[in-house]
Number of protein chains: 2
Amino acid sequence: MSTRKFCLAILSSGDATGYEIRKAAQEGQFSHFIEASYGSIYPSLAKMEQEGLVTWREELSSGKPSRKIYSITQLGRDAFLKELFETPVEDLFRSPFLLLALYCRWVGPEFISKEIDRRMENLELKIADMKHELEINEDPASAWTLEYGITAYSASLNYLKMNRSKLERIASEPVSHAQAAE
Amino acid sequence: MSTRKFCLAILSSGDATGYEIRKAAQEGQFSHFIEASYGSIYPSLAKMEQEGLVTWREELSSGKPSRKIYSITQLGRDAFLKELFETPVEDLFRSPFLLLALYCRWVGPEFISKEIDRRMENLELKIADMKHELEINEDPASAWTLEYGITAYSASLNYLKMNRSKLERIASEPVSHAQAAE
DNA sequence: GCTCACATGTAATAAGTTACATGATTTC
DNA sequence: GAAATCATGTAACTTATTACATGTGAGC
């Protein structure tokens, strides 16, 4: 249901192709808190077309492959609004990284160190991305959302910066039987 | 695959029933970055038993329903280690709340205000929870992970505290046709 | 000539959600 | 007497993932 909601959100601000919607999920401001791949977007669009929430027209351009440009209908707008008003599902945070941190003694300090590097690079990239979007952006709601993301990610990044050595130290303690059976 | 990994993680620190594993996903330190329900835990345990990753014994206690106590096998430990060493999937953050924030003008300031309240209460609860776990906790890796969570959530909460009025103001601006077609 | 970006989709599979079904004991 | 907690599981359904399948044009 979340891919559907996302497609309606994008289309509520303007027409788009499936390809463009996926790109928005991959690169834009949405990418930081939404997941959607071709395999979920195209079927979702097809289904919504059957339900009358969206329509499409074909655009044939010489050379380039033809595009199916989707538009939201009034029914679609109503459905989107309804979804917005429904109490939103709780935000979801799933972290294989934190699970790894919890079991850091099992993998040792070198591996942990490498993974912390990866995680920090990732956060830095995301933050840089959001700062860039903030600059080219004109919509105040987008700015607010981007700043929320920058704040939260910066806090995580900073925590890693200040406390990574602590975790690396913990990871270097040997795993005793007592701990394993704890 | 993530429910499986989580079950192995729990069992690697000691025997447990399906019920207890689900409780750990619901309440403990894990609950802040893992999702798992009965419907995914029980089938997962059954499958892992067939694969020889876990075994179980029945405990009949007078009165209470009988429990199936699962233990991890050496094969299971190996599988868990292997999963830990495999490059972890990127952390996943999905936020219906931020999508709502982005479209705040469509729902208006009253609704947004209510949702911000909900979100803040939620964050406060989680933070309080983690602080409490931090106190009763003895494992340094757990402490590190909990502090990570407290840091990130506190930053989000603080952002909401400082900037909620801004979003409420944005939400009160009428949606023009130009914006809708932007 | 190669890779990247554009562009659409399907099929098989995996995974998880939600509701259902059942029942005893403990606590208020 | 009611509600919460302990305790196990299934079945139907929804959803998403991954890989496959295909092809053009532009830039290097």
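A note on names: the letters A, B, ... follow the listed sequences, proteins ahead of strands, and every chain is numbered from 1.
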For DNA chain D, determine which residues of residues 19-30 of chain B have any heavy atom closer than 4.0 angstrom to one of its atoms, and list them numerically.
B:Y19, B:K23
B:W56 CH2 to D:dG9 C1', straight-line distance once rounded to whole Å:
12 Å
Quick one: list whatever passes salt bridge (Lys or Arg N to Asp or Glu O under 4.0 Å) with B:E27, sequence neighbours left out.
none
Could you list all the ring pair (Phe, Tyr, Trp, His ring centres under 6.0 Å) pairs where at least one residue sits in residues 12-32 of chain A, not counting sequence neighbours?
A:F6-A:F30
If you look only at pairs with a residue in residues 29-54 of chain B, which of them pass as a salt bridge (Lys or Arg N to Asp or Glu O under 4.0 Å), with sequence neighbours excluded?
B:R4-B:E51
Partners passing ring-ring contact (aromatic ring centres under 6.0 Å, His included) against B:F80 (at least two apart in sequence or in another chain):
A:Y103
Rounded interatomic separation in angstrom, taking OH from A:Y42 and P from C:dT8:
4 Å
List the residues meeting side chain to side chain donor-acceptor pair (under 3.5 Å) with A:Q29, not counting sequence neighbours, and say none if there are none.
A:S142
For A:M48 and C:dG9, give me the distance from atom CE to atom C1', rounded to whole Å.
16 Å
Pairing residues for B:S71 by the side chain to side chain donor-acceptor pair (under 3.5 Å) criterion, not counting sequence neighbours
B:D15
Is it the case that one hydrophobic cluster holds both B:L160 and B:L102, taking links as side-chain heavy atoms less than 4.5 Å apart, direct or via other members?
yes
Spacing between B:I69 atom CD1 and D:dC6 atom C1', to the nearest angstrom:
13 Å
What is the per-nucleotide protein-contact pattern of nucleotides 13-18 of chain C, from the 5' end, where B denotes a base atom under 4.0 Å from a protein heavy atom, S denotes such proximity for sugar-phosphate atoms only, and - denotes neither?
--SSBB
List the residues meeting ring-ring contact (aromatic ring centres under 6.0 Å, His included) with A:Y42, not counting sequence neighbours, and say none if there are none.
A:Y38
In whole angstroms, how far is the P atom of C:dA7 from the CG atom of A:D15?
14 Å
Whole Å only: how far is the CD atom of A:E49 from the P atom of C:dT8?
14 Å
From CD1 of A:I41 over to P of D:dT15, roughly how many Å is that when rounded to an integer?
15 Å
So how far off straight is the helix from C:dG1-D:dC28 to C:dC28-D:dG1, going by the axes through five pairs at either end, to 10°?
50°
Test item: A:S31 side-chain N/O and A:G28 main-chain N/O as donor-acceptor pair under 3.5 Å:
yes
With sequence neighbours excluded, what pairs up with A:F85 under the side-chain contact (heavy atoms from CB on, under 4.5 Å) test?
A:L81, B:V107, B:F111
Under the ring-ring contact (aromatic ring centres under 6.0 Å, His included) rule, collect the residues that match up with A:F33, sequence neighbours excluded.
none
